[in-house]
Asks: 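So that we are looking at the same thing, I have put the structure below in structure tokens.
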Amino acid sequence: MKLQPAPAVRKRRGARLEEGGYFWFIAPAAIVVAAVIVFPWVFTLYMSVHAWKLGGTREFVGLANFARLLGDDRFGWSVLRTLWFTLLAVVAPVVLGLFAAIVFNRKFPLRGLARTVFILPMMATPVAIALVWTMMFHPQLGVLNYLLTSVGIPASQWVYHADSVIPTLVMVETWHWTPLVMLIVLGGLAALPSDPFEAARIDGANPWQVFRHVTWPLLLPYVAVAAIIRTIDALKTFDTIFVITQGGPGTASETINIFLYLQAFAYYELGYASAVVLVFFVLIVVLSLVMLRWRQRLAEATK
Amino acid sequence: MKIFRRHLLAGAAGTLAAPAIVEQVGAQSAFDWRRFRGTELEVSLTLSPRGDTLQRHQKEFEDLTGIKVGSEQVPEQQHRQKLVIEFTSGRPSFDVVTISLHVSKRQVGKARWLTDLRPMLNDPSLLSPDYDRADVSAGGLAYATQADGRVDTLPNSVDYWILYYNKELFEQKGVAYPRTMDEIVTAAEKLTDKGRGIYGFVGRGLKNANIPVWTSWLLGQGQETVSPDGRLLTDTPEAIWAGELYKRLMREWAPPGSIGFNWNECQTSFAQGRAAMWLDGIGFAPPLEDPTRSRIVGKVGYGVVPPGPKAHHSAMFGDGIGIAAASRKQGAAFLYIQWATMKANHTRLLQTGSGVPTRNSPFRNQDIMQNSKFGREWFETLLKSGEIARPGLPVIIPVTEFRDTFGIALTNTIGGADVAAELRKATAEFQPILDRSERA
């Protein structure tokens, strides 16, 4: 606003007024953005440099919360666990979803019904299905161990053992979200041009060669979109883990989100929790940038 | 708020001169329950059978006093969070609130979020002559009294930890009820039959939830986790002994996966006849005697926790009901918490198995004893546990951090970690948290 127009350019008298007038049009959006995005953000920053205990005191501590995070083993492990969980919870649904999409892209009887049944898990409420899974995981009385032992496979301890808890949670996630990947990839398949396939067939390519050299490269951008969506979802998974294990046994499934929740709403350490939020945010931004660059490179390569 | 109360007291003193008060006490019906009629009260209850009881009979209070009550029930964990957040805001949305004494007592007491009830308890114009303060158990009253003497809740119900046992399994194996804590281990060993999927003992392994199992054993050494002057006693030889007992039972004689069990998984195992002993709160009994949910109806034994090497105690938990200090309806709120903890409501608690009341009179009621589905043994265990009860959790502010930190250590021992090392590590980790909480 302080900028002086160059003397040579003489503005009409109305120009400034118009600028002012336009400003009022963006005001509602600006207020909403400020209230629901900027303010919480600035306030989180503010909290993160305080030792802020709900129901206790608040004192300025500078970067002490971040220093504490660096030395906090429990936090360090939660970061590694989050990455491990995310990796598994992206790869498994993407592989299965891709496979399912290729199957459902073929014509077979009752295909519509089969597709509908396949996407049903996606419709379910995470908390409700988490509770059902919990019952099925009971090592003595759950239906899963009954099924395993009835076909001669030794029983598993599922979420009740530190070594099997994360793969088991990933299994629930996979069951829940494979349909989403399938839908995205199926949409991609439908949009593919038919001529490369015809050309490949004329050249005598077998089905595997068609998939490897025609379908896969053409489909990759869609798979990348699915992978990005899954990554973001997997990083922020909370409900499934919290309902089924609350981060246990011990801290074996305590991801950043669970750690964060406990700090803020069980220990009422708002300052420390805000510092975790900031670190988590940076982590998500970095991962998203990596994925987006990857997607961009794909897009350029296929051009 | 203070001015308002003073107004009330002044008004009361003006209308009821001292001799008149004596007369009022003589003629019990003359106590004026309706002096706050027309007031609207907000009541925030923890979701539980106790909360249900109060809501179910709310109309009775409204008819008696002419006060309009709006009440809500919030699940335990969320309720604890809600009250901390609302009290911190300075303007809680409720006038009356129930708290878990074993979790929130020190926090609420230190922050002075609740009204000190002593002046009102001693005010004959506010306390009905029917209230009978002498009937409230000494233990319950002590539990609801803060270290500095403030009484900021009226005790409502308690829960004692007992040892449930499966009589049928005990008979099959010819095992007698253990007379000491060490005998629990030998009994568990004899009762375990892994081929049939039956285990001698089941208890909470899930971090946080598992703490009372350990503190129950620790009470057998006559020791709590924090000394009266606030020192941590969590890595003493006694605490390590209790941790070893916990580890041994959970690792060798408990069902696979019990590392992640909370009370509900334990209850399922026990109710399906897959565990011979279960250490948990006496309040979890009702489903065990419900034929639709249990395979062991009529075979459930209720035993007092056996004595340890040095002492004999039962871990105690409890809840109280208090008035938000920021509420401007102190008098009406006091009538509500008074009504909530009167004989009629406490008798209902015991009758329906909704909780263990903190009054003595319901236990002298022969009708309840005879008609209860729980039988004599349950009542006897209840009464005996009450006589030897001690708090199962330390009275500190960061109870949740305490339960998480030591809960993780205990869970690790089930995984095979060394008990002494884990407890020392957890103690070192928790000490600064405790120090910080008291400094603030």
Side-chain angles (χ1 to χ4, degrees), chain A residues 51-59 61 68 71-74 77 131 134-135 137-142 144-146 149 154-165 168-169 242-254 258-259 261-272, chain B residues 77-78 80-85 87-89 104 107-108 110-111 113 197-199 202 205-210 255-262 264-265 268-269 271-272 274-275 397-405 407-415 417 422 425 429 433 436-437 439-440:
Chain A
W52 189 324
K53 180 106 177 166
L54 206 55
T57 53
R58 165 181 29 167
E59 94 191 80
V61 292
R68 188 173 145 203
D72 192 337
D73 281 353
R74 195 169 158 188
W77 279 107
L131 287 171
T134 312
M135 280 191 257
F137 287 140
H138 194 291
Q140 274 182 299
L141 308 154
L144 291 180
N145 272 352
Y146 171 78
T149 48
S156 166
Q157 295 191 18
W158 305 109
V159 292
Y160 297 100
H161 195 284
D163 296 336
S164 55
V165 60
T168 307
L169 289 170
F242 190 74
V243 173
I244 297 182
T245 69
Q246 282 151 45
T251 52
S253 61
E254 193 173 281
I258 305 280
F259 179 80
Y261 172 82
L262 289 176
Q263 292 297 336
F265 299 109
Y267 311 158
Y268 309 113
E269 293 265 11
L270 291 188
Y272 195 50
Chain B
Q77 298 287 336
Q78 286 88 319
R80 286 176 194 153
Q81 292 166 3
K82 179 187 160 83
L83 73 95
V84 170
I85 291 167
F87 276 128
T88 310
S89 79
S104 308
Q107 184 178 41
V108 165
K110 191 155 187 283
W113 283 330
I198 291 171
Y199 292 81
V202 68
L206 188 72
K207 71 146 198 242
N208 187 308
N210 55 6
S258 47
I259 193 169
F261 281 17
N262 201 345
N264 45 346
E265 285 96 347
T268 312
S269 283
Q272 298 297 315
R274 300 301 195 95
I397 294 173
V399 174
T400 309
E401 288 100 313
F402 176 87
R403 294 178 73 162
D404 272 9
T405 312
I408 290 167
L410 291 171
T411 302
N412 289 346
T413 67
I414 305 177
E422 284 293 330
K425 192 177 128 225
E429 214 173 290
I433 299 175
R436 258 205 307 275
S437 75
R439 225 183 303 127

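So that the names make sense, note that chain A is the first sequence line, chain B the second, and so on, each numbered from 1.
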Asks: Just give me the residue among B/L206, B/I414, B/V84 that pairs up with chain A most often, heavy atom to heavy atom, under 4.5 Å.
Replies: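 Looking at each option in turn, the highest pair count goes to B/V84.
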Asks: Tell me, side chain or backbone of B/E265 under 4.5 Å from chain A's heavy atoms, or both, or neither?
Replies: both
Asks: Is chain B contacted by the side chain of A/T245, its backbone, both, or neither, given a heavy-atom distance below 4.5 Å?
Replies: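 Just its backbone gets close to chain B.
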Asks: If you count heavy-atom pairs within less than 4.5 Å of chain A, which of B/G205, B/A111, B/G257 leads?
Replies: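 Sorted descending by pairs with chain A, the first entry is B/G257.
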Asks: Heavy-atom pairs under 4.5 Å with chain B are the metric here; pick the option from A/G247, A/P249, A/A51, A/A252 that has the most.
Replies: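 Winner by heavy-atom pair count: A/P249.
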Asks: Please report the C-alpha distance between A/R74 and B/E401 in whole Å, then the side-chain angles of each, then the deciding distance to 0.1 Å, and finally whether the salt bridge (charged side-chain N to carboxylate O under 4.0 Å, His left out) criterion is met.
Replies: CA-CA 13 Å; A/R74 195 169 158 188; B/E401 288 100 313; over 6 Å; no
Asks: Between B/Q81, B/K207, B/Q78, which shows the greatest number of heavy-atom pairs under 4.5 Å with chain A?
Replies: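 Going by pairs under 4.5 Å, I would pick B/Q81.
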Asks: What part of B/E429 gets closer than 4.5 Å to chain A, counting heavy atoms only: side chain, backbone, both or neither?
Replies: neither
Asks: Kindly compute the distance separating NZ (B/K425) from CG (A/D73), expressed to the nearest 0.5 Å.
Replies: 7.5 Å
Asks: Please flag which part of B/T400 lies under 4.5 Å from any non-hydrogen atom of chain A: side chain, backbone, both or neither.
Replies: both
Asks: Got a second to check how far A/H138's NE2 is from B/R274's CZ, nearest 0.5 Å?
Replies: 9.5 Å
Asks: Does any backbone or side-chain atom of B/I85 lie under 4.5 Å from a heavy atom of chain A? Answer side chain, backbone, both or neither.
Replies: both
Asks: Do A/Y267 and B/D404 come close enough that some side-chain heavy atom pair is under 4.5 Å?
Replies: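 A/Y267 vs B/D404: side chains touch.
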Asks: CG/B/N264 to CE/A/M135 distance, rounded to the nearest 0.5 angstrom?
Replies: 10.0 Å
Asks: Measure the OG1-CG distance between A/T134 and B/N262 for me, rounded to the nearest 0.5 Å.
Replies: 12.0 Å
Asks: So which part of A/E254 gets closer than 4.5 Å to some heavy atom of chain B, the side chain, the backbone, both or neither?
Replies: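 Contact with chain B: side chain only.
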Asks: Relative to chain A, which segment of B/Y199 carries a heavy atom at a distance below 4.5 Å: side chain, backbone, both, or neither?
Replies: side chain
Asks: Taking side chain as everything from C-beta outward and backbone as N, CA, C, O, which of these in A/A266 sits under 4.5 Å from a heavy atom of chain B? Side chain, backbone, both or neither.
Replies: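 Contact with chain B: backbone and side chain both.
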Asks: Could you report the tightest heavy-atom contact between B/R80 and A/Y268, atom names first, then the distance?
Replies: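 Reported closest heavy-atom pair: O-OH, 3.5 Å.
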Asks: Please state whether the side chain, the backbone, both or neither of A/L54 comes within less than 4.5 Å of a heavy atom of chain B.
Replies: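 Contact with chain B: backbone and side chain both.
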Asks: Using non-hydrogen atoms and a 4.5 Å limit, figure out which bit of A/E59 sits close to chain B: side chain, backbone, both or neither.
Replies: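 Answer is neither: A/E59 stays 4.5 Å or more from chain B.
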Asks: Within a radius of less than 6.0 Å around OH of A/Y261, do more than 12 heavy atoms belonging to other residues, nucleotides or ligands occur?
Replies: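 It does: A/Y261 OH has more than 12 such atoms within range.
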